[in-house]
Amino acid sequence: MLLGSLGLVMLAMRHLSQPETAEQLGQLFGGASRTTVASADLRTELPSSLSDQQGLAMLDIPTESDMAGVPERDAAPSAFQAKTADTLAAVRDNTYFRPAESKAWFGMFKRLLDGRRGQPVEDSFGELTYTQLLKQPDVYRGRVVTVRGVVRREELLRVPKNSLGLESYHRLWIEPVGGTDWPIVTYCLHLPEKFPRGDHLDAAVSVTGYFFKNWSYPWRDGLGIAPVVLSGEVSWTEPTTANAIAPKTRQSLPRTALIAGAIAAVAVYLTIRTTSFSRRSLASTPAAVSGGEDAEAQAIREQLQALAESESA
């Protein structure tokens with residue numbers, strides 16, 4: 001019984017260690033999942049009646065103390081920056097998208113279309129954080145930069161009639177690396193095959209493209225600031241089934257151990273109870289058997305004695 005119980009427990013633990021079983025248990029017991037940014041707060045357009053000065057007065061962005069310690073960078077203008085200096089000068093940070101900025105906007109997309117699959121012609125200036133883009137927009141505007149983070153929302157937007165023939169692009173809201181809650185927004189020409197769409201996403205990406213501006217957008221009771229990067233395509237690797245289940249499996253390991261322990265406890269209890277019952281049965285059986293054997297022997301002796309007396313007579 002003990003060996004059988006041990007085998008049962010080992011079989012149960014093996015079954016519970018399977019990713020599919022762990023995932024089902026996580027769903028059954030309401031396993032925790034990674035909290036995502038609520039995309040409902042990421043509204044996309046400023047009210048038309050809001051002026052630039054009103055918008056700037058409402059901005060809710062990191063303060064100077066928040067940006068303390070962020071190294072400033074100085075570099076000679078890139079070839080594209082030098083060529084489009086007058087166009088880039090029309091771009092204003094911490095405001096909505098202005099009609100005067102459309103030439104610079106489509107100029108960057110033209111540069112992307114000139115490259116292969118929408119990739120920039122120039123090399124990336126390097127990987128930058130939200131705060132670096134926020135602090136030195138004039139240094140990075142029109143320069144190829146790289147940002148990393150997790151896409152929380154994807155939108156497909158129609159493009160107004162233009163000379164480039166662009167009909168649509170994707171707007172991705174990215175939770176950047178570095179611990180900030182503020183997003184980086186990228187307007188992307190192409191998305192990888194099977195890239196997730198819609199809200200409440202959890203897709204880790206790396207984006208290389210042209211930094212355009214720090215864009216102000218409505219957020220709760222005021223305005224937020226989102227650095228905007230124009231890109232051809234994002235770098236994203238589709239997660240495998242094993243990778244997708246692994247976090248849930250790790251989260252459900254303590255629960256799996258508890259269930260396996262409960263099964264083991266029940267098996268041990270049943271084993272002890274069965275063993276105790278068997279011992280009581282064995283303890284009472286010899287006496288009954290012994291008593292039966294003595295009576296039978298006594299009867300035989302009496303019969304032999306009677307037979308012997310009758311022969312003597």
Side-chain angles (χ1 to χ4, degrees), residues 44-46 48 50-53 55-56 59 61 72-126 128-130 132-147 155-174 176 182-190 207-218 223-234:
T44 58
E45 294 182 0
L46 291 176
S48 58
L50 190 63
S51 68
D52 289 354
Q53 294 302 319
L56 291 173
L59 289 179
I61 61 177
E72 294 190 2
R73 302 179 68 174
D74 190 13
S78 66
F80 179 72
Q81 286 178 313
K83 183 179 179 180
T84 59
D86 294 340
T87 302
L88 296 178
V91 180
R92 296 287 182 268
D93 293 294
N94 304 334
T95 67
Y96 54 86
F97 293 124
R98 302 162 53 247
E101 300 169 347
S102 60
K103 187 175 181 179
W105 177 270
F106 287 107
M108 293 183 188
F109 273 118
K110 183 180 185 305
R111 193 72 171 176
L112 289 170
L113 292 173
D114 289 341
R116 183 181 178 184
R117 188 62 180 174
Q119 294 303 313
V121 177
E122 298 87 357
D123 293 333
S124 173
F125 189 63
L128 300 177
T129 65
Y130 171 93
Q132 287 175 307
L133 294 173
L134 188 71
K135 189 175 184 179
Q136 291 186 283
D138 291 333
V139 173
Y140 302 119
R141 191 179 341 276
R143 195 182 291 274
V144 178
V145 301
T146 299
V147 296
E155 302 167 290
L156 181 63
L157 304 180
R158 297 297 175 185
V159 183
K161 187 176 181 180
N162 57 87
S163 59
L164 300 179
L166 289 179
E167 297 181 355
S168 64
Y169 39 49
H170 303 270
R171 178 163 59 192
L172 305 179
W173 296 80
I174 302 173
W182 299 96
I184 291 177
V185 173
T186 180
Y187 286 77
C188 180
L189 295 176
H190 311 285
V207 180
T208 297
Y210 291 97
F211 172 69
F212 183 70
K213 67 180 289 183
N214 290 322
W215 168 49
S216 61
Y217 67 95
L223 300 178
I225 289 293
V228 174
V229 176
L230 310 185
S231 65
E233 188 174 46
V234 301

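Values below: every heavy atom of this structure, side chains too, minus hydrogens, waters and symmetry copies.
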- For Lys110, enumerate each residue passing the salt bridge (Lys or Arg N to Asp or Glu O under 4.0 Å) test, keeping only those at least two apart in sequence or located in another chain.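 Asp114.
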- Query: Which residues pass the salt bridge (Lys or Arg N to Asp or Glu O under 4.0 Å) test with Glu122, sequence neighbours left out?
  - Reply: Arg111
Which distance, rounded to the nearest 0.5 Å, do you find between the [atom1] of [X] and the [atom2] of [Y]?
| X | Y | atom1 | atom2 | value |
| --- | --- | --- | --- | --- |
| Asp138 | Lys213 | CG | NZ | 12.0 Å |
| Arg92 | Ser216 | CZ | OG | 13.5 Å |
| His170 | Glu155 | NE2 | CD | 11.5 Å |
| Ser168 | Leu157 | OG | CG | 8.5 Å |

- Query: What heavy-atom pair brings Trp215 and Val228 nearest, and what distance separates the two atoms?
  - Reply: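 Shortest heavy-atom contact: CB-CG2, 3.6 Å.
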- Locate the shortest heavy-atom distance separating Ala90 from Ala100; write the atom from each residue and the value. CB-O, 3.8 Å
Could you tell me if the side chain of [Y] sits less than 4.5 Å from the side chain of [X], heavy atoms only?
| X | Y | result |
| --- | --- | --- |
| Tyr140 | Pro227 | no |
| Ile225 | Trp182 | no |
| Leu230 | Tyr187 | yes |
| Val159 | Leu164 | no |
| Leu112 | Pro120 | yes |
| Val229 | Tyr210 | no |
| Thr186 | Val147 | no |
| Phe211 | Ile184 | no |

With a cut-off of 3.5 Å and sequence neighbours excluded, list every side-chain donor-acceptor pair involving residues 81-89.
from	atom 1	to	atom 2	distance (Å)
Gln81	OE1	Ser78	N	2.9
Gln81	OE1	Ser78	OG	3.4
Gln81	OE1	Arg143	NH2	2.9
Gln81	NE2	Val139	O	3.2
Gln81	NE2	Arg141	O	2.6
Thr84	OG1	Phe80	O	2.7

- Message: Once ring-ring contact (aromatic ring centres under 6.0 Å, His included) is applied, do any residues pair with Phe109, and if so which ones, sequence neighbours excluded?
- Response: Trp105, Tyr169
- Using the test side-chain contact (heavy atoms from CB on, under 4.5 Å), find all partners of Ser163 that sit at least two apart in sequence or belong to another chain. none
- With sequence neighbours excluded, residues passing side-chain hydrogen bond (donor to acceptor under 3.5 Å, both in side chains) with Thr146: Ser124, Thr208
- Item | Check: Asp93 side chain, Asn214 main-chain N or O, donor-acceptor pair, under 3.5 Å | yes
- Task: Would you sort out whether Asn94 and Leu223 count as a side chain to side chain contact (heavy atoms under 4.5 Å, CB included), showing the intermediate values?
- Result: CA-CA 9 Å; Asn94 304 334; Leu223 300 178; over 6 Å; no
